[in-house]
Every structure is written in C-alpha cells, then in structure tokens.
Amino acid sequence: MLPLSPHPQRILSLPVLSMPSLLSKSFIFFNRKSPFPLAHHTMAKARLRGVVFDMDGTLTVPVIDFASMYKAVLGDEEYRRIKAENPSGIDILHHIEKWSPDKQRRAYEVILDFERQGLDRLQTMPGAVELCGFLDSKKIKRGLITRNVKEAVDLFHLRSGMMFSPALSREFRPYKPDPAPLLHICSTWDFQPNEVMMVGDSLKDDVTCGKRAGAFTCLLDEKGRYSSADFANLDVEPDFKVSSLSEVHSLLEANFDLMG
C-alpha cells in the first residue's frame, strides 16, 4: 500500500473481512484521500473504550539503528543469513531465546547498550500529546506495549508527561506478536478485545498482536514502508493505516462510538 498523497482517490485493497472490521454491512475500503477506511454507516458504529500503543516508532521518534544492533548481536555473516530467511524482519528477541544462557546474557547486554544510547535521544512523536488529550477528553483508556525495557518506559513517561496504564515492557512475557500482552491489558481494563484498538508501526509485531487478540488495528506508516505485498506475505492486514498520529483523531471520530 502506498503512502497517502493528494492524488485522486484510488481503491487500494479488498474489503477487510475480519470480525472487528465490520463497522457496517457495507464493504470497507482504503483510499488515498483518507487515513481510514470508508464505510457507509448503515449500522451503529462499533464501540471503542481503549487504545493500546506501541512505543518505539509510534509514541516516540525512532532512534535505534536496529540493523547495527542486530549485526552486533549476530555478527555480519549470521545477520545476512537470517535477514535473507526473514524478509519481513528479524525477531531478535525470539531468536536469542534459543541460545545458551551465557550467550543470551551477552546478547541482552548488547541490545540494552543500544537501547540506552537511544534513551539519550528520546523524543515524543509529533501528534502524540494531542491524541492522548483527545482520548482523555473522551474517557478512552490508553495502554502501552513495547519490546523495550521498563527503564525506557519510565523515562518516556517522565519526559513526555503522559502516563499509560498498563504499560508492559520487555519484562512481560511472552512478547508481541503474541497476543498475551494485549489480552492482559484488556483483562485488566475488563474490556472485550473488540472494544480496543492496537496502534503501532510494525506490521509483524503490533498489527499481528492486535489481530491475534481480536482487537481493531491501526498501522502507523510514516514513510510508506508497507504495501499490499507485505500484507500478503505475512497474511495480516491492518484495519486502518495512517501516516501520522494526528490522523488517528479523525479516524476514531469517523468510525467509532467513543463512549469510554
């Protein structure tokens, strides 16, 4: 799927048929003028009570050089081999779980060093503060799931002045894309998964986690990284796709009953 642009409308995908996406009996399509699917509102809008965000690359500006981090953990040759076998991206955390305890420890030290360097450059993503203010005004709960460490989450809360609860870091197992962390948040809130939306910049981790949990999903794709071919390769397609967090506000108002 191409990034949004001012060009004339073009239909980009087939109807989304997963249960959380049935906002009406009419078909739902992505289009180039809109950050969210078009729907004829012949039925009541779906209720939305909570939004769960990814952190790195979603609530915060991406600063970690993941390719360099993976090479430092795996070595250049092993990195190239694993990357060739996993064109949709390397899941470094799951990969190193198979290693011996000593090798795992060294790998986690390298990863943590890269993450701590990123903390020095931590910045809140444009539109995040305004979006969270809107959610608060509607009494919509907001949570966070990241594969980063708790230290990073605590620093983000401190610097941004925003709080997300629950905020699950890497210490919560299993990680995304397993649905367990999202289902845990739904259980904590006492909400059904289809009353919650997962927002993140990773198709492989965030959207897959949301889909497996039965939640609505929104892919943040600032640079137009993802196309319909990526959706087909992973057999997962987001319910919504935006190029900035500022677009999520309009998306929610147009497509959901925001009862909180």
* Might you point out which heavy atoms bring Pro179 and Ala213 nearest each other, and give the distance in Å? => CB-N, 3.7 Å

* Asked: Are Tyr175 and Arg173 close enough that a side-chain donor and a side-chain acceptor fall under 3.5 Å?
  -> yes

* Val199 versus Thr217: any side-chain heavy-atom pair under 4.5 Å? -> no

* Asked: Do NZ/NE/NH1/NH2 and the carboxylate oxygens of Glu109 and Arg106 come within less than 4.0 Å?
  -> no

* With distance as the sole criterion, is a donor-acceptor pair present between the side chains of Glu247 and Ser243 under 3.5 Å? -> yes

* To do: Would you mind checking if Arg80 and Glu85 are paired as a salt bridge, meaning a charged N to carboxylate O distance below 4.0 Å?
  => no

* Might you point out which heavy atoms bring Val73 and Ala107 nearest each other, and give the distance in Å? => CG1-CB, 3.8 Å

* Asked: Could you state the interatomic distance from CD1 (Ile185) to CZ (Phe172), rounded to the nearest 0.5 Å?
  -> 8.0 Å

* Asked: Do NZ/NE/NH1/NH2 and the carboxylate oxygens of Arg147 and Asp91 come within less than 4.0 Å?
  -> yes

* Given the rule in the side-chain contact (heavy atoms from CB on, under 4.5 Å) test, do Asp54 and Asp205 qualify, once you have shown the distances and angles that lead to the verdict? -> CA-CA 9 Å; Asp54 167 56; Asp205 293 331; over 6 Å; no

* Is the backbone of Arg47 close enough, under 3.5 Å, to the side chain of Glu195 for a donor and an acceptor to pair up by distance? -> no

* Structure fact -> For Leu182 and Met198, the nearest pair of non-hydrogen atoms, with its separation, is CD2-CB, 4.2 Å

* Under a 4.5 Å cut-off applied to non-hydrogen side-chain atoms, are Val149 and Ser169 in contact? -> no

* Side chain to side chain, Leu219 and Val242, heavy atoms closer than 4.5 Å -> no

* From Cys132 atom SG to Arg142 atom CZ, the distance as rounded to the nearest 0.5 Å -> 4.0 Å

* Asked: Where do Phe240 and Val248 land on the side-chain contact (heavy atoms from CB on, under 4.5 Å) test, with the steps shown first?
  -> CA-CA 9 Å; Phe240 305 92; Val248 178; over 6 Å; no

* Does Trp99 share a hydrophobic cluster with Val110, counting links as ILVMFWY side-chain heavy atoms below 4.5 Å and allowing steps through other members? -> yes

* **CG on Asp136 to NZ on Lys138, rounded to 0.5 Å** => 12.5 Å

* For Asp235, look at atom CG and say whether over 12 heavy atoms of other residues, nucleotides or ligands are found less than 6.0 Å away. => no

* **Beyond-backbone contact of Ser165 with Leu144, side-chain heavy atoms, under 4.5 angstrom** => no

* Between the main-chain N or O of Asp201 and the side-chain N or O of Thr58, is there a donor-acceptor pair closer than 3.5 Å? -> yes

* Quick one: are Trp189 and Val52 in side-chain contact, heavy atoms under 4.5 Å? -> yes

* Stepwise salt bridge (charged side-chain N to carboxylate O under 4.0 Å, His left out) test for Arg225 and Asp230 -> CA-CA 9 Å; Arg225 294 167 49 204; Asp230 297 302; over 6 Å; no

* Donor-acceptor under 3.5 Å (Lys241 side chain, Cys218 main chain) -> no

* Taking every non-hydrogen atom, the tightest pair across Gly50 and Phe191 -> N-CE1, 4.2 Å

* Do the side chains of Glu253 and Leu258 get nearer than 4.5 Å, heavy atoms only? -> yes

* Asked: Can Arg116 and Glu151 be counted as an ion pair, charged N to O under 4.0 angstrom?
  -> yes

* Asked: Can you get from Ile92 to Leu112 by hopping between Ile, Leu, Val, Met, Phe, Trp and Tyr side chains that sit under 4.5 Å apart?
  -> no

* Candidate pair Val153 and Asn148, rule side-chain contact (heavy atoms from CB on, under 4.5 Å), full reasoning -> CA-CA 8 Å; Val153 175; Asn148 209 320; 5.6 Å; no

* To do: State, to 0.1 Å, how close Cys209 and Lys176 come at their nearest heavy-atom pair, and which atoms those are.
  => SG-CG, 4.0 Å

* Sidechain-backbone polar pair: Thr208 side chain, Leu203 backbone, donor-acceptor under 3.5 Å -> yes

* Close side-chain approach of Ile111 to Arg170, heavy-atom, < 4.5 Å -> yes

* Taking all heavy atoms of Lys204 and all of Pro177, pick out the closest pair and write down the distance. => O-CB, 3.3 Å

* **Any side-chain heavy-atom pair of Glu222 and Leu245 under 4.5 Å** => no

* **Lys150 bridged to Asp154 by N-O distance under 4.0 Å** => yes

* Asked: Okay, side chain of Thr60, backbone of Met55: is any donor-acceptor separation there less than 3.5 Å?
  -> yes

* Flag yes if more than 12 heavy atoms outside Glu171 fall under 6.0 Å of its CD atom; otherwise flag no. => yes

* Side chain of Asp206, backbone of Ser202: donor and acceptor closer than 3.5 Å? -> yes

* Are the aromatic rings of Tyr70 and Phe114 close, with centres under 6.0 Å apart? -> no

* To do: Show the numbers, then the answer: is there a side-chain contact (heavy atoms from CB on, under 4.5 Å) between Val129 and Met162?
  => CA-CA 8 Å; Val129 173; Met162 298 183 290; 4.1 Å; yes

* Is there a path from Leu183 to Leu168 through hydrophobic residues (I, L, V, M, F, W, Y) whose side chains come within less than 4.5 Å of each other? -> no

* **Heavy-atom donor-acceptor pair, His157 side chain to Phe164 backbone, under 3.5 Å** => yes

* Cationic N near anionic O, under 4.0 Å, Asp76 to Lys71 -> no

* Nearest 0.5 Å please: distance from the CG atom of Leu59 over to the OG1 atom of Thr146. => 9.0 Å

* Interatomic distance, His184 atom NE2 to Ile145 atom CD1 [nearest 0.5 angstrom] -> 9.5 Å

* Asked: OH/Tyr108 to CD/Glu115 distance, rounded to the nearest 0.5 angstrom?
  -> 10.5 Å

* To do: With Leu48 as reference, evaluate Leu135, Asp257, Leu252 under the side-chain contact (heavy atoms from CB on, under 4.5 Å) test and give the passing residue.
  => Leu252

